[in-house]
Amino acid sequence: MRHNSLLQRAGRLHSLQPLILLAIILVMILAQSILVPGSLTLDQLLIISRQASALGIIALGQAVVILVGGIDLSVGTTVMMVNIFCITGMQASNSRVPAGLLLCLGIGLMIGAANAVGVLFLNIAPFVMTLCTTTICQGICYVYTQGAPTGSAAPFIRAVGTGRLLGVPYSTVIWLGLAALLWAVLRFTTLGRKLYAVGGNPKAARLSGISNRKLIAGAYIFSALMATAAGLILTGYHNIASLTLEGDYAMNSLAAALIGGNAIEGGRGGVWGVVLGSFFMMLLMAMLTMLGISQVGKLITQGCIILAVVAVQQLLKRD
Amino acid sequence: MEYEYLQLLHITKKFPGVTALDDVSVSVRQGEIHALVGENGAGKSTLMNILGGNLQPDQGEIRLDGQSVRITSPIDAFQKGIGFVHQESNLLENLSVYENVFLGRERVGALGRTRRREMCQEILSSSQRLGYALEPEKPVSELNLAQRQSVEITRALLGKPRILILDEPTAALAEDEVERLFKIVRGLRQEGVSILYISHRLDEIIELADRVTVLKDGKLAGVLEREELDKDKLVRMMVGRVIQDIYPDRSQVQPGRELLKVDQLTIPGRLDQVSFTLRAGEIVGLGGLEGQGQRTVARAVFGDLRFTQGQITVENAVLKSGGIAERIRGGVAYVTHDRRGEGLVPHQSIRKNGSLATLERLSNSIGWMREGRERREIQEHMDSLQIKASSMEQLASHLSGGNQQKVMLTRWLMIHPKVLIIDEPTKGIDIGARMSIYQIIHQLTQAGIGILMLTSDMVELIGLSDRTLIFYEGRIVRELARDEVTEERIMKAASGITEG
Amino acid sequence: MKQIEQIRRKFAAAPQLSSVLTICGLLILVFLSMCGYSESYRSTYNITNVLAQCAPLACVSLGQTLVIISGGIDLSVGSTISVCTAIAARLMGGDSPAQVALGVAVVFLFAAGVGLVNGLGVNYLKVPPMITTLCTSTILNGVALWILPVAGGKINAGFARFIYKKWDIISMPLVLLVLLFLATRHLLYHTRTGTGLYAIGRSRPIAQSMGVKTRAVSVRAYVLAGLCAGVTGLLLACRMRVGDPTCGSSYGMDSIASAVIGGTSLAGGSGLLSGTVAGAFLIGMLSNVMNILEINQFYQYVMKGSLLIAAMVIYSISGRLEVRRRAS
């Protein structure tokens, strides 16, 4: 009996992860407002939330891919590619926005579909396949721009990236809206049930008549589309075409999803944990910047945090 | 009194919800063939895992040569002179025979260089002594099951064991291979090795064993000397009650209309023109040695395997090749033999596991789950199947084997099946739960469901099936009705021997 | 006759062997057609250069192969290489041999240390190999920037010349590669550790039950991968004569590609070192050819990614055919 309750407690701890994360975020905010008095205002938080929204949207896609037992390392490059083609496609003019949007949508679909085909039909390990698409897309971007991209975003895209709705940035609204939608799907629909089953035990799902391939393919395409949306928002926000925009989105989205309580082997996790995870990552980066810690420190912190979180998850999992 | 080399004293082992072994003592004399018998779930495998170092007993003592020992790991067992030949092949297919035999204790020379030639030579000489031919450099992936077993035996004997455990060694062997194995085992006895022999097959045990220890429901049921051995006596001790008490009485069953018809089903290399029918309210048992095509048929009927020729008809509707979802809609259900591997989603609740195959029925047109209805239906099944759990939100991984199996049954009963395929219905399930599962199966047939049962447990096959189909090399070689089925006939047919 | 039978057996035992031969054939084909195409390509000078240029990738790929055979993966080798060049550039600029020796020692110690951290993370913290090495990779990227914010520093010129010494067609990097190849070959095919690597790559639980010290063996694979990355780091540093905190970034992917093209299965448990070397040379030569043909260097990204996908597709198809052949 004791054994049982211990197990259950460990399981509960796992689902408590988002709450623990929320507590940590609150402590961080508190610490900052004590350390640097007056630095923390509501506006400041909203700005951080805007910075976090791109990462947050990508992390939603990443979370779904992880949920079905995969991994998507190509999200960063998708952002970059969308950024470059969005700017050249729209030529800074609002009249060409629909065509540009279609182009970006096509790019996202292509990348997602390529990943899905590689993983499902060519039986290539997810991270290798997505690494391959990353490399290929990078090559395409470099060749296309000759290494020196130029141009700026269309006013409409700029508005999306920088505008505010009742004081709240549009991008934050989009992020939270998408999160709420995804939450409803995962929590209340057959699609959500199937996604969890496929991640938790793909063979069992298959023997229950669930079409694993469609769901996994859908997850990769969803992830690529989320990256596309994030790419558009970032383009609007930064207003430049850049070959370094991909940043560390692959790593950071992975970190956000894992910190938020998603299990790397799939089948477990929720949406709000991921939302908090993204916010946490951005808050951390913002605080590191504020404390004058450079890129070096950020990279090291990022690596250590993911390693620690997954290690703790694995420790808890051991019976 | 001969010297008792190995003594297991008052061993107790508990798992969550189940006492697998309760104060069991077994002693093995030097140079004897000691058989260990018991039904599924009697505690044999737990005892062997304790002896083999995979599990630690909660209480009790193991004595080797009079010394109290603790066996901490498989390697430790090996070093203490306990050799283990597993039921399921425990070899690495990507390595060659000699690498498998010597893995973990390679002969090495200067600079850590392994001495391949010396190892191969050693294998050749030891295999010749035992009377079989092994090619040491051949990859294990190219060996058949009998040859793989020889590799395992060679490996076990390499450590010059004083005790050799053979766990269901004949489950996958044909009769001539069984004969050869017996010769080896007897030869080893001559050399003073004690053999602990585990088997379901009582005829074999009566032929081979010097003494028999019988386990029942995790307790010691008794020890018989060679001269006392008698099949009926063994069965009584194993079962502890008359067979009729365990298995529902099905002598009065009248099968109804034809539900499933399999006609000339062929998958090249695996199935050869298999034909049979299943009627409403009938239990048809598929038996035979392991891997002779029983599971292949079941999977083909369930739409998991494509077949090139033949036809499967459910209630006069011809099913196309492939497509599990389509089969489920057609009323075919399949309870897998591997609950953990491909049955349950371990981190999800009973409720979510139970409704996994019926999501479409439990949701509205846009895919929104009707959770109230889901809860109600799951609760009904939990009550009628008597699933013991704190609530329907308990995680499947926290349930005992019997309750897990009932969750699997829940999932499949939710689709209102016409044909229910049950693969190893009581594997890893203790006796109490087993009886209740037999009762459930019986009740289902009374409700008009046709049941196709696959089992490697001969007693179960005989006790439950209305008709038994014996497979050999992808064909049905014998069909036995309830009144003509015997263990001997099954064994003969399963080894490919045709009777007049 | 006996020899033929032996060869036949060897093929049967390792189906990858035929793929190695295919790649070698491809290599020769590329080489000969380039020789026909370009005068300058035929020169001894160029051939020596091409061989020397391929050596660094081949070295790191050998280590990667060991890890992949053991059922893991090491995405951190690229960053390890970067850090190694940075360390070398910081420490090996002086003229005294002692300083150079110190630099070499520190580089190898560091590389082994990274491997050890990876191995411990994978085996004791139970973090999946991909995540562990991705994390160490990120951390090492930071470390590289910390040691050397931009490309710079200096490598002792004498040492660098020694490492790139050439005799006709043979060059020092090639000699080092052959030595490293022989050492890893001995380890993989003729020691207990080697058998253990194949064993844990196939199935850890079975290997463990058969007495393989799975953790120790696996940790060794990661340490060796680290050391191989260290060799590559030194070779690159000596070639550039400076350190570069980002120079290794493509090597993680490329080393995996070499191994996979050479027939190593990402599922673990099978693979050949000679295949890996052939794979590395194929990638190296194709890059070189693209340079000579003056194709935009960015196409190399596309080439490598496509090559890796193609290799995996071909192996997965031939694997399926093999299974089907055995079944019937």
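Chain identifiers are assigned alphabetically (A, B, ...) following the order of the sequence lines, protein sequences preceding nucleic acid strands; residue numbering begins at 1 within each chain. Since the structure is predicted, the reported quantities are computational estimates derived from the model, not experimental observations.
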State whether [X] and [Y] are salt-bridged, where the test is any N-O pair (Lys NZ or Arg NE/NH1/NH2 against Asp/Glu carboxylate O) under 4.0 Å.
{"X": "A/Arg193", "Y": "B/Glu371", "answer": "yes"}
{"X": "B/Lys13", "Y": "B/Asp58", "answer": "yes"}
{"X": "B/Glu342", "Y": "B/Arg339", "answer": "no"}
{"X": "B/Arg351", "Y": "B/Glu377", "answer": "no"}

ask   = Between B/Val335 and B/Gln405, is any pair of side-chain heavy atoms under 4.5 Å apart?
value =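 Yes; the side chains approach each other to less than 4.5 Å.
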Sort out for me which of A/Gly209, A/Gly267, A/Ser208, A/Gly200 touches chain B most, counting heavy-atom pairs under 4.5 Å.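 Winner by heavy-atom pair count: A/Ser208.
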Out of A/Gly199, A/Ala184, A/Ser211, A/Ala197, return the one with the most heavy atom pairs under 4.5 angstrom to chain B.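 The option with the most such pairs is A/Ala197.
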Pick one of side chain, backbone, both or neither for [X], based on which atoms fall under 4.5 Å of a heavy atom in chain A.
{"X": "B/Thr358", "answer": "neither"}
{"X": "B/Arg299", "answer": "side chain"}
{"X": "B/Arg329", "answer": "neither"}
{"X": "B/Leu362", "answer": "neither"}
{"X": "B/Ile328", "answer": "side chain"}

Review point. Taking it one step at a time, do B/Phe302 and B/Trp412 satisfy ring-ring contact (aromatic ring centres under 6.0 Å, His included)?
Key: CA-CA 12 Å; B/Phe302 190 55; B/Trp412 291 115; 5.7 Å; yes
query: Aromatic rings A/Trp272 and A/Trp183: how do their planes relate, parallel, tilted or perpendicular, breaks at 30° and 60°?
result: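 Tilted.
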- [ ] Find the one option among B/Arg340, B/Arg370, B/Glu374 whose heavy-atom pairs under 4.5 Å with chain A are most numerous.
- [x]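 Of B/Arg340, B/Arg370, B/Glu374, B/Glu374 has the most heavy-atom pairs under 4.5 Å with chain A.
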* Count the heavy-atom pairs under 4.5 Å between each of B/Ser363, B/Ala333, B/Gly343 and chain A, then report the option with the highest count. =>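 Between B/Ser363, B/Ala333, B/Gly343, the count favours B/Gly343.
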